[in-house]
Every structure is written in structure tokens, then in C-alpha cells.
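Here's the structure, in C-alpha cells; my notes come after.
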Amino acid sequence: MSKELEVKVPDIGSYDGVPVIDLLVKVGDRVEKEASLVTLESDKATMDVPAPEAGIVKSIKLKVGDKVSQGDAVLVLELADEAKAEHSAPKPAAADAAAPSPQPSPKGRGGESPLPLGEAARSAGEGAPSKVAAPSKLAVTIPDVGNYDHIPVIEVFVKDGDVVEKDAPLLTLESDKATMEVPAPEAGTVSGLKIKVGDKVSQGDAICTLETAGTVQGSVAPAAADRSVPPPLATAGSPRGTGGGQGEGSKPAPTPGKPAEAAPASPLPAPSATDTIPYASPGLRKFARELGVNLARVSGSGPRGRITRDDVQSFVKRALSTPTPAAPVSGTSGIPPIPAVDFSQFGSIETKPLARIRKLSAAHLHRAWLNIPHVTQTDEADITELEAFRKSQSEELSAAGGGKLTLLPFIMKAVAKAIQAYPEFASSLSPDGESLIFKQYLHIGFAADTPNGLVVPVVRDVDKKGIVQLAQETGELAKKARDGKLKGEEMRGGCFSISSLGGIGGSHFTPIVNAPEVGILGVSKSSIKPVWDGKAFQPRLLLPLSLSYDHRVIDGAYAARFIVLLGKLLADLRRLAL
Ligand code: COA
């Protein structure tokens with residue numbers, strides 16, 4: 001026969017009417033021993049009530065918003081077989097099988113334990129109120145946390161020199177099932193801080209010394225003998241006082257006239273200035289930590305903005321489905337960031353936001369530069385005859401109202417021909433790096449300089465088009481680019497790119513491969529140079545070429561053959577017809 005166990009609210013100190021803020025199970029759920037069932041939360045502490053045994057939830061006796069006290073029914077568990085056996089064994093008289101202890105034996109839980117909500121508050125109240133007549137030093141220690149040892153410190157809100165108000169949070173302690181703050185017992189200045197994030201603390205461990213300002217009205221005075229005060233764990237204060245888990249969202253105690261500063265170094269990412277203190281149960285914090293989620297960046301959909309398990313899961317789903325944002329200029333990819341410099345110290349400055357295109361292309365170029373092992377092969381092509389032909393044809397074309405014939409369409413056509421001979425230049429590496437993808441089309445992009453930055457419109461099926469058509473298309477696309485009217489699809493699908501700076505000047509340069517393409521041709525300004533023909537120097541028009549390629553895909557010899565062929569094609573256009 002199945003055995004049922006009514007789970008009750010355990011000892012939560014002297015506190016009554018603690019709100020239930022989360023139900024973590026529903027009827028029919030199978031729960032493991034120690035699994036969190038409900039979360040209770042007071043002003044300063046959050047605690048999950050764990051299952052005393054494994055079993056199936058038969059009925060739930062409370063709902064979110066109920067206020068509960070020790071002994072109130074939480075739910076009924078139908079015990080799993082092994083738990084039944086345990087439960088039928090004789091129990092020590094003091095044990096209460098129905099009240100899962102939120103403070104199980106430290107040994108049984110590896111030294112960590114849930115914390116009672118009210119224990120320390122009781123002890124804090126034991127100190128007789130008094131007025132401090134003169135400045136004095138107060139040793140602040142870890143209060144009574146229910147006789148448990150080695151509770152991890154997850155946040156330290158103060159540092160030496162901070163001035164804190166009475167009840168301002170000094171630390172957050174967190175065990176498996178509970179999170180709580182240790183507030184300042186009095187107002188004063190922090191000195192001799194002995195605790196850092198990651199320390200494991202026990203009752204009586206020194207936290208810091210508080211130099212009280214003198215007369216402190218209504219403050220809790222320590223016992224006269226040793227002036228050593230464990231602060232209360234649960235007293236009135238900020239309703240969001242559960243603090244941020246994992247060291248994120250840490251905020252030092254607010255101090256009048258002194259701005260809040262970040263908590264001591266934590267192994268986790270530092271919060272941004274806009275991060276708020278997350279509001280979540282200990283179990284949820286653990287869950288978030290396991291997923292590497294910074295709770296300060298999750299918005300809570302629960303009561304009073306509380307973060308739920310669903311919120312964390314949705315956050316992770318969103319993060320996974322969101323494309324990687326534009327990489328900042330530095331500080332990513334594990335490379336050391338370039339130190340920030342305050343340029344205003346050297347003279348006046350003006351900061352202008354980057355245009356969208358520039359930001360997008362910066363991220364793209366950064367990725368390509370970091371991922372592709374680049375090699376740049378340079379050469380000079382003799383375009384003396386080509387240029388003579390181009391000029392004569394350009395005049396004819398203009399006279400016929402056909403527009404200008406620049407060098408670019410000739411280069412594009414020659415590149416297409418060279419790629420047909422060396423198809424790896426139009427391939428792409430598969431994402432797993434295991435194969436090469438060859439395309440059955442030959443679309444070529446060309447870099448266009450626009451007022452808002454660099455864009456790369458793509459001319460489709462270059463191998464199937466004549467030079468005049470290519471001239472028209474490049475002209476139209478370049479105009480669209482400059483007018484900011486290029487459509488997304490007009491910049492996609494390229495197999496190879498050309499970057500022509502020939503209209504501007506310069507000799508050679510090292511273009512960055514437009515990933516996932518594997519090659520890009522840089523073209524610089526042609527100039528007349530003396531070329532030895534075996535008998536004499538001849539004035540020839542030479543076009544500087546700079547071929548960058550992905551060395552994972554293309555060998556140096558292959559690239560050299562490609563650029564030599566390209567030079568021959570440009571030197572003698574009749575080869576294009578072969
Ligand atoms: N050598 C000598 N002159 C050249 C040349 C070269 N390699 N390339 C072009 N020219 C000449 C042209 O013949 C033209 O001269 P003209 O007015 O006397 O007829 C002049 O330079 C301007 O040509 P341009 O307008 O640049 O036409 P294009 O078809 O050669 O180039 C673009 C079109 C879109 C590529 C070009 O305008 C452009 O934006 N280039 C910059 C690309 C860039 O920024 N690359 C850097 C990427 S990192």
C-alpha cells in the first residue's frame with residue numbers, strides 16, 4: 001500500500017506569516033529527496049522548502065501569496081518505495097518526519113545547509129539597545145545561522161572605507177536552499193574587511209570592524225564586554241534585499257554622499273551599470289549559475305518582478321536564437337583588449353556614433369581577419385593594350401549613350417575566366433572544416449566606397465555576361481550603393497570579391513577576404529613603368545594586383561598560378577574568348 005507523508009513548513013525561527021512566493025511543483029510531479037517544493041521569502045531572506053523524501057506530489061496545501069508559519073502543511077507526498085522503507089524505520093524521538101528540515105545535518109549536505117530565516121534575528125534582538133556616546137569600534141561577526149558551518153559567501157557589498165547605514169547589507173550567504181543577507185548592525189565606517197566572495201563562513205567568523213560615528217540613535221549596541229556583534233540576519237529593509245546571486249548585480253551598501261561601487265572581484269562577468277539586483281529563489285540562482293546565466297540580465301515575470309525558472313529558460317532560448325551582436329572593437333575572442341585611453345587629456349575631442357553599415361562591416365571584417373589565415377600574393381599586369389581598347393570602346397559607348405566603360409568590368413570578366421581554371425577560388429570551406437563547397441554559379445562582388453562605409457554589391461553570373469553588360473550592372477549597383485539603396489539580396493551570394501582602389505591611387509595593399517569566400521583581388525592604380533623586352537626598356541601600363549586568399553583552402557602555388565593567368569588574360573583580352 002502506498003504511504004503518504006504530509007510535508008510541513010519547517011522551523012523558520014520565530015517568524016510567522018512568511019509569504020509563499022513560488023510553487024515549484026504541481027500535483028503528479030515526481031520529486032527527488034531534497035528537491036525544492038516551495039519558496040518562502042521574507043524581507044531579507046529567501047528559502048526553499050525541500051522534499052524530505054522522494055515521492056509523487058498527491059496534493060498541494062498552499063498557494064502563492066499564502067503566509068505560512070512553522071508546522072503549516074505544504075503538500076502531501078506519496079513516498080517512493082525506498083523512502084517508505086526508511087519511514088517505517090523507528091525514528092529518534094525528536095525527529096519530525098513530516099517537517100523537512102531546511103537545516104539538514106551539515107555533514108549530510110557537504111557542509112552546506114539551508115539557513116533558518118529567523119534564528120539570527122532572535123539573537124540580534126538579544127543585544128540591549130543603547131546609545132553610543134563616542135566614536136567606537138564594533139567587531140561585526142557572522143550571526144547565529146543555526147549552528148551550520150561553511151556557508152558560501154556569494155556577495156560582499158562593502159569594502160574598507162565604505163560608510164554604511166544601519167541594516168545596509170554587508171554580505172549575502174547562500175546555501176543550497178537559502179539565500180540571506182547579513183546587514184550592518186549599526187551605521188558606521190567599514191574597516192578591516194576579512195571576507196571575500198567564495199569564502200565559507202560560520203557563526204562567529206569576523207566580517208569587519210565598524211567604526212561608529214558616535215551617538216547612534218536607536219542602534220543595536222553590542223554586549224558591553226567585547227563589543228563584538230553578530231548582525232541580525234532578517235530584519236526590515238529593502239524588499240529586494242535578497243541580493244544578486246553569483247556575484248552579479250552586486251551593489252555595495254548605499255551610503256549617503258558616497259556613490260555605490262562594484263563588489264570585489266568575482267569570477268563571473270561584471271554587471272553593467274544598469275544591472276539591477278535580481279530577485280530569485282536559491283534554487284533558481286543555482287539553476288541560473290549552472291546555465292551561466294547572469295540573473296541581473298533576466299527580467300522577472302513573477303510577483304514583484306521575481307525571476308522564475310521559465311524566465312531563465314526563455315532568456316537562454318532567446319540568447320541562443322539571437323545572432324551574435326556586432327563585435328566590439330576589442331575585448332572579444334579572448335585577445336587582450338586595447339586599453340581605453342582618455343584622449344581628452346591630450347586636447348579637445350568630439351565623439352561621433354558609427355554609421356550602421358560601418359559597424360556591421362567592422363564586425364564582419366573582424367571575424368574574417370580573426371578566422372582566416374590570410375596570404376596576399378602581389379603582381380603587376382600589363383594592361384597597355386587593354387587600356388587602349390577600353391578607352392576606344394568607352395568613347396564609342398558614350399557616344400551611343402551607353403555610359404562609361406571603366407576597367408572594373410574587364411577585371412571582373414578576367415577574374416571569372418581565371419576562376420573557371422582555378423575553381424577553388426570560388427569555393428567555401430564547410431563549417432566543420434571537413435570539405436570544400438564548390439558553387440555551380442559565378443557571382444562576383446565588388447567593394448564600393450559609400451559615404452556611410454564599405455558595401456559589396458554582387459554581380460550575378462559574371463561568366464555568362466558580356467563586358468558592356470557588366471559595365472552597366474556595376475555602374476548601377478555602385479550608384480545604388482552610394483545612394484544607400486542597395487537591397488540585401490544584391491549584396492549576397494558572392495563567390496569572390498574585387499576591391500578596386502585604382503581610381504584613387506596607391507600601389508599594393510592587403511585586402512581582407514570576404515568570408516565565407518576564400519579569395520579577394522585588390523586592384524590599385526595603374527601606372528606606366530619601364531619594362532625590359534629583351535632588347536630595350538619599353539613604357540608599359542602596369543596594373544598592381546593584390547590577391548588575398550584563405551591559406552586553409554588555397555596553396556601558395558595555386559594562388560601564384562591564378563594571378564599569373566589573370567595577368568595574361570588582362571594583358572591579352574583575346575584569351576578571354578578561348
Ligand atoms: N588604374 C588607373 N585608373 C583607374 C583604375 C586603375 N586601376 N581604376 C579606375 N580608374 C580610373 C577610371 O578609369 C576612372 O577614370 P576616368 O574618370 O578618367 O574614366 C576613374 O579612375 C574612376 O573610376 P571609378 O569611378 O572608380 O570606376 P570603377 O569602375 O573603376 O570603380 C567602384 C567602381 C565602385 C569600384 C569604385 O568607385 C569604388 O568605390 N572603389 C573603392 C573600392 C574600395 O573602397 N575598396 C576598398 C575596400 S577595402
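Both ligands and their constituent atoms are indexed starting at 1 by order of listing. Nothing here was measured: the structure is a model prediction, and the numbers come from that model. Position 1 is the first residue of the sequence; numbering continues from there. These values consider heavy atoms only, across backbone and side chains, with no hydrogens, waters or symmetry-generated copies.
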query = For atom 1 (N) of ligand 1, what's the nearest protein heavy atom and its distance?
reply = S526 N, 2.9 Å

message = I'd like to check atom 43 (C) of ligand 1 in this structure: does the protein have a heavy atom lying under 4.0 Å from it?
response = yes

request  = Could you check atom 13 (O) of ligand 1 against the protein and tell me its nearest heavy-atom contact, residue, atom and distance included?
outcome  = R390 NH2, 3.6 Å

query = Protein heavy atoms: any of them under 4.0 Å from atom 39 (O) of ligand 1?
reply = yes

task = Show the numbers, then the answer: is there a side chain to side chain contact (heavy atoms under 4.5 Å, CB included) between L170 and L193?
result = CA-CA 10 Å; L170 301 174; L193 183 67; over 6 Å; no

ask   = Nearest protein heavy-atom contact for atom 31 (O) of ligand 1: which residue, which atom, what distance?
value = L408 CD2, 4.3 Å

query = For atom 9 (C) of ligand 1, what is the nearest protein heavy atom, given as residue, atom name and distance?
reply = G503 N, 3.6 Å

key: Ring geometry between F496 and F562 (parallel below 30°, tilted from 30 to 60°, perpendicular above 60°)   = tilted

request  = Give the atoms of ligand 1, by number and element, whose distance to some non-hydrogen atom of L407 is under 4.0 Å.
outcome  = 6 (C), 7 (N)

inquiry  = Yes or no, since that's all I need: does a protein heavy atom fall within a distance strictly under 4.0 Å of atom 25 (O) of ligand 1?
reply    = no

remark   = Quick note on ligand 1: atoms under 4.0 Å from a heavy atom of A448 include exactly 39 (O)

Side chain to side chain donor-acceptor pair (under 3.5 Å) assessment of S430 paired with D432 = CA-CA 5 Å; S430 64; D432 61 5; 2.6 Å; yes

request  = Verify side chain to side chain donor-acceptor pair (under 3.5 Å) between S191 and D160, making sure each step is shown before the conclusion.
outcome  = CA-CA 5 Å; S191 67; D160 285 350; 5.8 Å; no

ask   = Considering distance alone, does some N or O of S499 sit under 3.5 Å from an N or O of ligand 1?
value = yes

K525 (side chain) donor-acceptor with G503 (main chain) under 3.5 angstrom = no

request  = Quick one: look at P511 and ligand 1, take heavy-atom pairs under 4.0 Å, and tell me if it's side chain, backbone, both or neither.
outcome  = neither

inquiry  = I'd like to check P457 versus E490 (side-chain heavy atoms, cut-off strictly below 4.5 Å). Are they in contact?
reply    = no

request  = Using a strict cut-off of 4.0 Å, indicate which atoms of ligand 1 neighbour a heavy atom of L543.
outcome  = 7 (N)

query = To which protein heavy atom is atom 3 (N) of ligand 1 closest, and what is the distance rounded to 0.1 Å?
reply = G502 O, 3.5 Å

inquiry  = Does the protein place a non-hydrogen atom closer than 4.0 angstrom to atom 7 (N) of ligand 1?
reply    = yes

Cation-pi geometry met for R561 and Y422 (6.0 Å, 45°) = no

task = Within a distance under 4.0 Å of any heavy atom of D449, pick out the atoms of ligand 1 and give their elements.
result = 39 (O), 41 (C), 44 (O)

ask   = Under the 3.5 angstrom rule, does the side chain of D572 hit a backbone N or O of R574 as a donor-acceptor pair?
value = yes

ask   = Nearest to atom 37 (O) of ligand 1, what protein heavy atom do you find, and at what distance?
value = R482 NH1, 3.8 Å

message = Determine whether E385 and R540 satisfy the following criterion, salt bridge (Lys or Arg N to Asp or Glu O under 4.0 Å), listing intermediate values before the conclusion.
response = CA-CA 9 Å; E385 275 77 35; R540 305 294 294 175; 2.8 Å; yes

request  = Ignoring hydrogens and angles, tell me if any N or O in the side chain of E517 forms a donor-acceptor pair with the backbone of S497 under 3.5 Å.
outcome  = yes

inquiry  = Strictly below 4.0 Å, N to O, side chains only: are D483 and K479 in salt-bridge contact?
reply    = yes

ask   = Does S548 use its side chain to pair, donor to acceptor, with the backbone of T376 at less than 3.5 Å?
value = no

key: Residue and atom name of the nearest protein heavy atom (relative to atom 36 (C) of ligand 1), distance in Å to one decimal   = S500 O, 4.6 Å

ask   = What are the atoms of ligand 1, with element, lying closer than 4.0 Å to any heavy atom of S524?
value = 1 (N), 6 (C), 7 (N)

key: Side-chain donor or acceptor of D382 paired with backbone N/O of T384 under 3.5 Å   = yes

key: Any T474 heavy atom less than 4.0 Å from ligand 1   = no

query = Who's the nearest protein heavy-atom neighbour of atom 28 (P) of ligand 1, and how far?
reply = T406 OG1, 3.6 Å

ask   = W369 vs H374 aromatic rings, parallel, tilted or perpendicular, using cut-offs 30° and 60°?
value = tilted

remark   = For A447, the ligand 1 atoms with a heavy-atom partner under 4.0 Å come out as 35 (C), 42 (C), 45 (N), 47 (C)

message = Below 4.0 Å, non-hydrogen atoms only: which portion of I512 touches ligand 1? Side chain, backbone, both or neither.
response = neither

task = Considering the heavy atoms of L454, write down every atom of ligand 1 situated less than 4.0 Å from one of them.
result = 44 (O), 47 (C)

ask   = Counting each atom of ligand 1 from 1 as listed, which ones have a heavy atom of K404 under 4.0 Å away?
value = 16 (P), 17 (O), 19 (O)

